[in-house]
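Beneath this line is the structure, given in structure tokens, with notes to follow.
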Amino acid sequence: MANNGPYDIVVLGAGSGGYACALRAAELGRSVALVERDESLGGTCLNRGCIPTKALLHAAEVADQTREAAKFGVRAVFEGIDVAGVNAYKDKVVSTTVKGLTGLIKSRGIEVVHGEGRLAGPTTVEVRTPAGETRALEAQHIVLGTGSAPKSLPGLEIDGERVISSDHALRLEHVPGSVVILGGGVIGVEFASVWRSFGAEVTIVEALPHLLPLEEESSSKRLERAFRKRGIKFELGTRFESAKTTQGGISVTLEGGKVVDAELLLVAVGRGPVSDGIGLAEAGVELERGYVKVDEYCRTSVPTISAVGDLVATPQLAHVGFAEGILVAERLGGLAPAPIDYDGVPRITYSDPEVASVGITSAVARERGYEINEVTYDLAGNPKSKILGTQGEVKVIAAVDGPVLGLHMVGARVGELIAEGQLIYNWEALPSEVAQLIHPHPTQSEAVGEAHLALAGKPLHVHG
């Protein structure tokens, strides 16, 4: 007979925030039920986001390396993209990861309840199972982690055929000949990178003045320069006006009257919280612009309910969800976790080249009243980057006579370097303290060291 509780914690949503909360709570001895409407655990990140997109990006990198093999003295012939093979590789990465996560959750004694869940009160989650049964799960505390879904613009309908979302893009069974991508944020830029490597003609439309508009402006400009060289087109500071299907695809009209024709239109204007239809208003949970309103400890307006991940208005990153889930589990477990410093969360766009950052931009630093020093170290001076054939930079921003406030990087594989940047920022390191650390040679990590050496007033491999 099914157990309906009472549990210590019922978690609604088995994405990054929800399952991290469930795992940590079980570790702390709490009884946990984890409710998920999809067949697979892991949410958007694992099934329709971070993991499958990064698999596509790796396939794209292999394609580019094969094309360019002669530059390295290697004879190779690029014959094209086997989309079925790429999808099989992608799906295997996802399925094996899901299997590992499912086993981990089972091993911790967490009960997984599959079905559509909604709040039926401040301590009750009602679940409609695939068999059509209704279960009312009772808990001392409920954690909401229902995540997000792709958004569109008013009047622009995503039909899944000519006008698609990132979910549809991951299931394509062919390489489109041409694509217009609406939105130059992380999702748009990553799909642009993949499709260009696979041979498509790509145009990005971004209403703000730069690609990746939340990043340091110099990083955005570096990316734009690299994309131009790759033949990726973009219309910046330009709004979308309308789209109509044609015999061959889609015709997109931009503000000012310019028309761009393509086979597909990918709508990548962001993701919105999944907050409708889950009983929030009835339970008294306060919302703001569709997001669940929480304090710095992820507590909602209802004392028995917390919320984590994309459902709340914090950075839409899987690792933010992990951190918020752990924070809630530890708070409910009687520990005293520190609130999250969201500026200290690393951010990576896995395009070619990659863009990675942690801390704040120079513009934000000035807005906050800091007097700053900044140094940009060009990867042209880094031997490992020359070996890899990548261009880019490491920019470090520090308060005058104070700690490092931000690190901003562009180049192949710089996403792996941002872990050191995270330590530098979060431990409030002075440039002089980082400058005395010895970085291994030859590595790209030396670029981080070189930037700090220059910022500390003792540049080594720096011209001018």
Side-chain angles (χ1 to χ4, degrees), residues 2-3 7-59 87-117 125 127 129-130 137 139 142-149 166-167 170-171 271 274 298 306-312 314-330 332-333 340 345-346 348 350 415 419:
N3 175 25
Y7 298 91
D8 293 325
I9 301 170
V10 170
V11 181
L12 182 55
S16 304
Y19 85 66
C21 182
L23 287 170
R24 183 67 178 122
E27 205 171 59
L28 292 170
R30 298 301 187 263
S31 60
V32 184
L34 182 59
V35 180
E36 175 53 54
R37 67 182 179 183
D38 289 348
E39 284 183 33
S40 298
L41 304 181
T44 294
C45 170
L46 180 42
N47 294 284
R48 300 174 297 280
C50 332
I51 305 306
T53 54
K54 283 14 153 209
L56 288 181
L57 283 153
H58 182 62
N87 284 336
Y89 150 69
K90 164 179 65 73
D91 294 343
K92 185 177 180 183
V93 171
V94 171
S95 63
T96 54
T97 310
V98 168
K99 188 176 178 182
L101 174 63
T102 304
L104 177 62
I105 286 170
K106 186 178 179 182
S107 74
R108 297 274 176 91
I110 296 163
E111 185 184 352
V112 176
V113 181
H114 283 286
E116 286 279 349
V125 171
V127 184
T129 70
L137 307 179
I142 294 168
V143 181
L144 304 172
T146 50
S148 62
S166 56
D167 290 355
L170 284 167
R171 297 195 296 267
R271 298 178 63 87
V274 177
C298 297
S306 297
V308 299
D310 288 1
L311 185 59
V312 301
T314 53
Q316 290 182 337
L317 299 167
H319 42 291
V320 166
F322 294 150
E324 289 171 344
I326 292 166
L327 181 148
V328 169
E330 292 186 347
L332 297 178
I340 297 165
V345 175
I348 307 171
Y350 295 85

| request: Please step through side-chain contact (heavy atoms from CB on, under 4.5 Å) for the pair Val143 and Leu332, ending with a clear verdict. | output: CA-CA 10 Å; Val143 181; Leu332 297 178; 4.3 Å; yes
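- To the nearest 0.5 Å, atom CG of residue Asp91 and atom OG1 of residue Thr96 are 10.5 Å apart.
- Exactly one of Val113, Val10, Val11, Leu12 qualifies for a side-chain contact (heavy atoms from CB on, under 4.5 Å) with Leu34. That residue is Val11.
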| request: Could you walk me through whether Val328 and Glu324 pass the side-chain contact (heavy atoms from CB on, under 4.5 Å) test, one step at a time? | output: CA-CA 6 Å; Val328 169; Glu324 289 171 344; 5.6 Å; no
| Hey, mind stepping through Ile105 and Val112 against side-chain contact (heavy atoms from CB on, under 4.5 Å) and telling me if it holds? | CA-CA 8 Å; Ile105 286 170; Val112 176; 3.8 Å; yes
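- Taking both residues in full, the closest heavy atoms of Val274 and Leu311 are given as O-CD1, 3.4 Å, listed atom of the first, atom of the second, then distance.
- For Glu111 (side chain) and Ala33 (main-chain N/O), no donor-acceptor pair under 3.5 Å exists by modelled atom type.
- Listed by chain and number, the residues in a salt bridge (charged side-chain N to carboxylate O under 4.0 Å, His left out) with Lys54 are Glu190 (sequence neighbours excluded).
- Gln316 places a side-chain N or O within donor-acceptor distance of the main-chain N or O of Arg271, the cut-off being under 3.5 Å.
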Distance-only check: which donor-acceptor pairs under 3.5 Å involve side-chain atoms of residues 16-26, not counting sequence neighbours?
| unit_1 | atom_1 | unit_2 | atom_2 | d |
| --- | --- | --- | --- | --- |
| Arg24 | NE | Glu330 | OE2 | 2.8 |
| Arg24 | NH1 | Glu27 | OE1 | 2.7 |
| Arg24 | NH2 | Glu330 | OE2 | 3.1 |

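- Counting heavy atoms from C-beta on, the side chains of Val320 and Ile340 never come closer than 4.5 Å.
- Between the Lys90 side chain and the Leu170 main chain, a donor and an acceptor come within less than 3.5 Å of each other.
- Between Gly333 and Leu28, the shortest heavy-atom contact is CA-CD1, 4.3 Å.
- Shortest non-hydrogen contact noted between Ser107 and Leu104 is OG-O, 2.7 Å.
- No side-chain heavy atom of Leu137 sits less than 4.5 Å from a side-chain heavy atom of Ile142.
- Two residues are said to be in side-chain contact when any heavy atoms from C-beta on lie closer than 4.5 Å; Thr44 and Asp310 fail this criterion.
- Residue Asn47 comes nearest to Leu41 through the heavy atom pair ND2-O, 3.2 Å, listed as atom of the first residue, atom of the second, then distance.
- The two residues Cys45 and Ala318 make their nearest non-hydrogen contact at SG-CB, 3.6 Å.
- Residue pairs that meet the side chain to side chain donor-acceptor pair (under 3.5 Å) test with at least one member in residues 34-43, sequence neighbours left out, are Asp38-Arg48.
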